[in-house]
Amino acid sequence: MNEIFNNIPKIKYEGAKSKNPLAFKFYDADKIVMGKKMKEHLPFAMAWWHNLCASGTDMFGRDTANKAFGVEKGTMAHAKAKVDAGFEFMQKLGIEYFCFHDVDLVPEADDINETNARLDEISDYILKKMKQTGIKCLWGTANMFSNPRFMNGAGSTNSVDVYCFAAAQIKKALDITVKLGGKGYVFWGGREGYETLLNTDMKFEQENIARLMRMAVDYGRKIGFKGDFYIEPKPKEPMKHQYDFDAATAIGFLRHYGLDKDFKMNIEANHATLAGHTFQHELRVSAINGMLGSIDANQGDMLLGWDTDEFPFDVYDATMCMYEVLKAGGLTGGFNFDAKNRRPSNTYEDMFEGYILGMDTFALGLLKAAALIEDGRLDEFVKNKYASFGTALGKKIIDGKTSIEELADHAADLKSIDAPLSGKQERLESIVNSILFVNEK
């Protein structure tokens, strides 16, 4: 088979001083960090939709990048060419996982039975490539937002026929995910929300979404899917208000409908900032609730109020992300680059450089997060901040062995109250800077 990216070599680690744009500066796959190889801390995945499908189209202009890969688009020959391109791309970068939507893999037919036949054919082809290369499927999902039938949502639709169509897509996407050995299955409620409450029964819609998710879990377990189901929170766009607004909202939804034992969060950096949170916040909320599962690694532009899906280059954010991941004991999923080149970056070389940027950013974030943890000053400060709850009375509060009357009596006996320990935010931020910007030995 001819190479598609025949001018791109296998990408190697050359170190921070390298000026080779087609080399890793920080991602050294076998480097040991806190007892594990870097590639084990950072199980990177290629997003099928952005990398192999997105061609630079936006609401104001046509394609700028050629993603035909030498064959006519919209055909099964093109679907197979994308497989060839994707696996060559992953091999050259040393990426061991991929993620997909159903309609990323094949052109959608008017008849769902024809679409499913195409999915069977292409998944056979992908499976063959997986066996040849050792590359694995991180997670699959169904695109239930692009087709006009989903204008009012999938689980939240007002049409029983559309609801059934959504169920059919989920069923087939689960079949393909299991066939490819996927570790997870994602629900991104791309249109599960509303534009105005004037025409919306919110309770009915949320109950129907939960029913669809429960049926998906039941079917998945029946066919042998043992992985995690994920919700990927997002506050807005395309709908003005989406039901999976942020991690806390999604976790509350899952617990309310008894789905929390099967679901975890797939947190996307760009979605976190659209919700008015930091990436670190969404990871912490997920982790303390035992629901940190997987990550969509990208970033947004703070000057733009939509989902720009840029390749991550902010080392501070990547460090804070990896700090949360390391403190949580790692992920059950991985790091999927739900990221795309900017519209003027339209060459095959740009595709590789985008991934090199993202992989290096998270590798550097991992190194700096490990240094923060090994330094110990942040952990020591947080421990001391709550030291008063280590007293006899504090322990009674934590153990639930006191009452509001006893606490009120204690307050009445106090002659004065010392000011709480200073938060020392500026000192802690200085510590982070000193570790972020010190030169590696």
Side-chain angles (χ1 to χ4, degrees), residues 33-36 41 228 231 233 245-265 267 272 275-293 295 316-317 319-332 365-436 438:
V33 180
M34 295 184 71
K36 290 169 61 176
H41 284 293
D228 290 320
I231 283 186
F245 183 89
D246 61 5
T249 304
I251 290 167
F253 170 88
L254 293 171
R255 286 181 172 158
H256 180 71
Y257 291 107
L259 292 161
D260 49 304
K261 299 296 186 293
D262 292 286
F263 276 82
K264 288 184 169 62
M265 295 295 107
I267 297 298
H277 302 308
T278 63
F279 189 17
Q280 183 183 17
H281 169 89
E282 290 291 86
L283 296 170
R284 179 74 63 91
V285 168
S286 301
I288 65 176
N289 284 280
M291 298 182 76
L292 177 57
I295 286 174
Y316 188 95
D317 272 358
T319 298
M320 294 299 100
C321 166
M322 294 312 303
Y323 186 81
E324 297 300 322
V325 170
L326 289 174
K327 298 285 280 186
L331 304 174
T332 60
L366 170 65
L367 294 171
K368 296 302 183 179
L372 281 171
I373 292 170
E374 290 165 349
D375 175 81
R377 283 178 285 174
L378 297 184
D379 280 340
E380 185 66 20
F381 183 86
V382 172
K383 178 181 176 182
N384 290 336
K385 180 180 178 181
Y386 302 100
S388 69
F389 283 87
T391 63
L393 181 57
K395 289 178 180 177
K396 288 180 73 175
I397 293 171
I398 292 168
D399 294 339
K401 294 181 178 179
T402 186
S403 66
I404 200 165
E405 294 93 341
E406 182 180 8
L407 300 184
D409 290 343
H410 175 82
D413 291 338
L414 294 173
K415 302 302 182 186
S416 63
I417 298 178
D418 294 333
L421 184 69
S422 168
K424 298 292 183 188
Q425 179 174 335
E426 297 77 11
R427 178 189 295 179
L428 300 178
E429 289 170 339
S430 178
I431 290 170
V432 171
N433 280 354
S434 70
I435 288 176
L436 269 175
V438 68

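None of these values were measured; they are calculated from a predicted model.
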Quick check for you: to the nearest 0.5 Å, what is the distance between [X] atom [atom1] and [Y] atom [atom2]?
X: I398; Y: Y386; atom1: CD1; atom2: OH; result: 11.5 Å
X: I251; Y: I288; atom1: CD1; atom2: CD1; result: 8.0 Å
X: R427; Y: L378; atom1: CZ; atom2: CG; result: 11.5 Å
X: L407; Y: E405; atom1: CG; atom2: CD; result: 9.0 Å
X: I267; Y: E324; atom1: CD1; atom2: CD; result: 11.5 Å
X: L372; Y: T319; atom1: CG; atom2: OG1; result: 7.0 Å

Should [X] and [Y] count as side-chain neighbours, where that means a heavy-atom distance under 4.5 Å?
X: F381; Y: K424; result: yes
X: R377; Y: S434; result: yes
X: K261; Y: L254; result: no
X: V432; Y: M320; result: yes

Under 3.5 Å: donor-acceptor pair, side chain of [X], backbone of [Y]:
X: K368; Y: I435; answer: yes
X: D375; Y: A371; answer: no
X: H41; Y: V33; answer: yes
X: D399; Y: K401; answer: no
X: S286; Y: E282; answer: yes

Quiz prompt | Within 6.0 Å of NZ in K36, more than 12 heavy atoms from elsewhere | solution = yes
Quiz item: How about I417: does its CD1 atom have over 12 heavy atoms from other parts shown lying under 6.0 Å from it?
Solution: no
Quiz item: Considering residues at least two apart in sequence or located in another chain, which fulfil the side chain to side chain donor-acceptor pair (under 3.5 Å) criterion with H281?
Solution: none
Compare every heavy atom of [Y] with every heavy atom of [X], then report the nearest pair and how far apart it is.
X: M291; Y: F263; value: CE-O, 3.1 Å
X: C321; Y: I295; value: SG-CD1, 3.8 Å
X: L428; Y: G423; value: CD1-O, 3.9 Å
X: A250; Y: I231; value: CB-CG2, 3.8 Å
X: M34; Y: A370; value: SD-CB, 3.6 Å
X: A328; Y: L292; value: CB-CD2, 4.0 Å

Under the rule for salt bridge (charged side-chain N to carboxylate O under 4.0 Å, His left out), what residues qualify as partners of [X], not counting sequence neighbours?
X: D379; answer: K327
X: D228; answer: K264
X: R255; answer: none

Quiz prompt | Pair T249-D246, side-chain donor/acceptor within less than 3.5 Å | solution = yes
Quiz item: Q280 and T278: side-chain donor and acceptor closer than 3.5 Å?
Solution: no
Quiz item: Between E406 and K396, is a side-chain contact (heavy atoms from CB on, under 4.5 Å) present by the stated rule, with each step listed?
Solution: CA-CA 10 Å; E406 182 180 8; K396 288 180 73 175; 2.7 Å; yes
Quiz item: What residues, two or more places apart in sequence or in another chain, satisfy ring pair (Phe, Tyr, Trp, His ring centres under 6.0 Å) together with F279?
Solution: none
Quiz item: Y323: what forms a ring pair (Phe, Tyr, Trp, His ring centres under 6.0 Å) with it, not counting sequence neighbours?
Solution: none
